[in-house]
Amino acid sequence: MTSISRRSFGKLAAAGLATLAAPSLLHAKDGARLVIIGGGFGGASAARFARINFPHIDVTVIEPQKSFVTCPYGNLLLSGTRTLSDITHQYVALKKRGINFIHDWADAIEPDKKVVRLRSGKTIAYDKLIVSPGIGIKWGALPGYDQDAAQIFPHAWVPERGEQVLLLRKQLEALPEGGVVGFAIPANPFRCPPGPYVRISLVANYLKKHKPRAKIIALDAKDAFSKQGLFQDAWNELYPGLIEWVPGSKDGKVVSVDTKEKVFQTEFGTRHKVDVGNVIPPQSAAKIAVDAGLVNETGFVPVNPYTFEAVKAKDIHVIGDANIGGPLPKSGFIANSTSKQAVASAVALLEGREPPKDPVYFNTCYSHVGDDYGISVVGVFRPSEKGFVETPNSGGVSPRGPLAEKKLQRKLEAQYADSWYASITKDAFS
């Protein structure tokens, strides 16, 4: 069993959000400008929280897309249990709350002038800036993998309008009987640590039903991954003989790809021929954060763990996948949870007050691995002078055990996952 029950976790989460809401009693000066780059889980949650709790603040979101396709639940498109419309969320409700949206690309940040330069040529001034742009793909970091290669071996890791996920789904539908689906999985850090293994599971779910002679080979740069025992238990029970996972120590690290020959080459020279390939490439913070000089040698943004203010720039707070969170996973839940502390801190600093003390950051990550089969991991984190730390004995993973004994547990966790998705998208976009 986990060391914290789902019901107890929900109570803790609610208490934590109530604590973060307390700074709404502070009155920000009229007309102060909070600008947010990015309209995903982090940016949308920040904007909504700011509008509700600090009504005197002028809130503007810069987001090129007119709707948001979530990375969470995108893998369910591959198994056929969700459609693109199911994971697409509009900004209409947020606009009705009085949040200004500018549908344009943020091309540059000028911290000295406190402005954001847009692709259209316009500039937007800010008093406080929250940057939540997500990840950028490090094109070329994996030899042979560039933007053109992504049309052959889709990454489907930056959803945008869903084109990449739909492309991968189309390729699975066209897979020849007895074909091979290959996965190239990077070293840490990357967006959604359990994500590749959810994808493997749900692709296996599709293949079992529609291409029963097909095989999956998952080539991994790592020797261990999030919820590994639970995933492998599920693979053995649900998809016996279908999935081969190759860890880095067994020559699982993909060092180059050949889209013409449809080959993944690993560290020791082994060439794996695949019919469909999903390459999850090395990642960094999105380009806007890199170009603004906010990142360090990791490619991500170091931040103050209490306020999320960027170490390299005053008045810029970086949330979500773009920052360095240490033990905090790069997840939609963390982006949502930490967005509230970032907003409360930004407003407090703007007012010359102390940011909220002793914040708590919650994460839970549910994973669908089959029909009526869910697993999860829970964590509770706090800031410290040394960075983010996980609270001892605060979380854990779903209990392991044979499906015959855990069938109800797995079914309930799949239902909890659906409830979580409905809840977090409502908290961000309603």
Side-chain angles (χ1 to χ4, degrees), residues 38 40 64-65 69 71 74-75 77-78 105-108 119 133-172 174-175 179-193 195-196 199-200 203 216-222 246 248 251-301 321-322 330:
Q65 307 295 342
V69 177
C71 193
N75 287 324
L77 271 67
L78 303 177
W105 288 93
D107 267 357
R119 189 161 296 179
I135 60 164
I137 290 174
K138 297 170 75 171
W139 300 111
L142 177 64
Y145 198 73
D146 56 18
Q147 287 167 297
D148 289 336
Q151 299 309 307
I152 307 298
F153 289 155
H155 56 78
W157 217 242
V158 180
E160 293 182 343
R161 292 187 296 274
E163 303 96 329
Q164 280 273 300
V165 178
L166 294 178
L167 174 59
L168 184 55
R169 167 71 188 194
K170 184 177 179 180
Q171 290 179 351
L172 292 172
L175 180 75
V180 176
V181 180
F183 290 86
I185 304 168
N188 293 326
F190 60 90
R191 164 179 279 173
C192 189
R199 179 166 292 176
I200 291 166
V203 168
I216 290 173
I217 182 165
L219 301 166
D220 203 330
K222 304 178 300 303
V246 184
D251 197 25
K253 181 180 179 181
V254 175
V255 296
S256 69
V257 299
D258 182 338
T259 55
K260 186 176 290 186
E261 298 295 327
K262 290 198 169 181
V263 167
F264 291 171
Q265 181 166 320
T266 51
E267 197 169 18
F268 302 141
T270 308
R271 292 170 60 83
H272 297 270
K273 184 79 167 67
V274 301
D275 297 289
V276 171
N278 173 219
V279 175
I280 302 170
Q283 299 156 29
S284 69
K287 187 175 183 294
I288 184 71
V290 175
D291 290 349
L294 302 178
V295 304
N296 65 10
E297 67 280 357
T298 68
F300 294 93
V301 182
D321 296 344
K330 295 186 182 300

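Computed from heavy atoms alone, side chains included, the values below leave out hydrogens, waters and symmetry copies. The shown structure was predicted, so the numbers you read here are calculated from the model rather than taken from an experiment.
The heavy-atom pair separating A285 from V290 by the smallest distance is O-CG2, 3.5 Å. Heavy-atom minimum distance, G134 versus A322: O-CB, 3.7 Å. Nearest heavy atom pair, residue I288 against residue A108, reads CD1-N, 3.4 Å. Nearest heavy atoms, G144 versus A149: O-CB, 3.4 Å. Taking every heavy atom of both residues into account, G179 and D275 meet most closely at CA-OD2, 3.2 Å. Scanning all heavy atoms of the two residues, the minimum distance from L168 to A156 falls at CD2-CB, 4.4 Å.
D107 is linked by a side-chain contact (heavy atoms from CB on, under 4.5 Å) to W105, R119, counting only residues two or more places apart in sequence or in another chain. Among residues two or more places apart in sequence or in another chain, the ring-ring contact (aromatic ring centres under 6.0 Å, His included) test is passed with F153 by F264.
From H155, atom NE2 reaches atom CD of Q164 across 4.0 Å, with rounding to the nearest 0.5 Å. Atom SG of residue C71 and atom CD1 of residue I135 lie 7.0 Å apart, to the nearest 0.5 angstrom. In this structure, the separation between CZ on R271 and OG1 on T266 is 10.5 Å, given to the nearest 0.5 Å. To the nearest 0.5 Å, the span separating CD on Q283 from CD1 on I137 amounts to 6.5 Å. A distance of 7.0 Å separates NZ in K262 from CD1 in I152, rounded to the nearest 0.5 Å.
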Step by step, would you call K273 with V180 a side chain to side chain contact (heavy atoms under 4.5 Å, CB included)? CA-CA 8 Å; K273 184 79 167 67; V180 176; over 6 Å; no
Please lay out, stage by stage, how S284 and V295 fare under the test side chain to side chain contact (heavy atoms under 4.5 Å, CB included). CA-CA 9 Å; S284 69; V295 304; over 6 Å; no
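Screening V203, V274, D220, V254 against F183 for a side chain to side chain contact (heavy atoms under 4.5 Å, CB included) leaves a single residue, V203.
A 4.5 Å side-chain heavy-atom check between L78 and V165 finds at least one atom pair inside the cut-off. Proximity of V276 to Q171: side-chain heavy atoms (C-beta onward) are separated by under 4.5 Å at one or more points. Side-chain contact between P281 and L142: absent, with no pair of heavy atoms (C-beta onward) separated by less than 4.5 Å. In this structure the side chain of D251 reaches within 4.5 angstrom of the side chain of E267, judged on heavy atoms. You'll find the side chain of P189 reaches within 4.5 Å of the side chain of F300, heavy atoms only. With a 4.5 Å cut-off on side-chain heavy atoms, K222 and I185 count as touching.
Under a 3.5 Å cut-off, the side chain of K330 and the backbone N or O of R191 do not form any donor-acceptor pair.
Applying the side-chain hydrogen bond (donor to acceptor under 3.5 Å, both in side chains) rule to pairs touching residues 137-151 yields nothing, sequence neighbours excluded.
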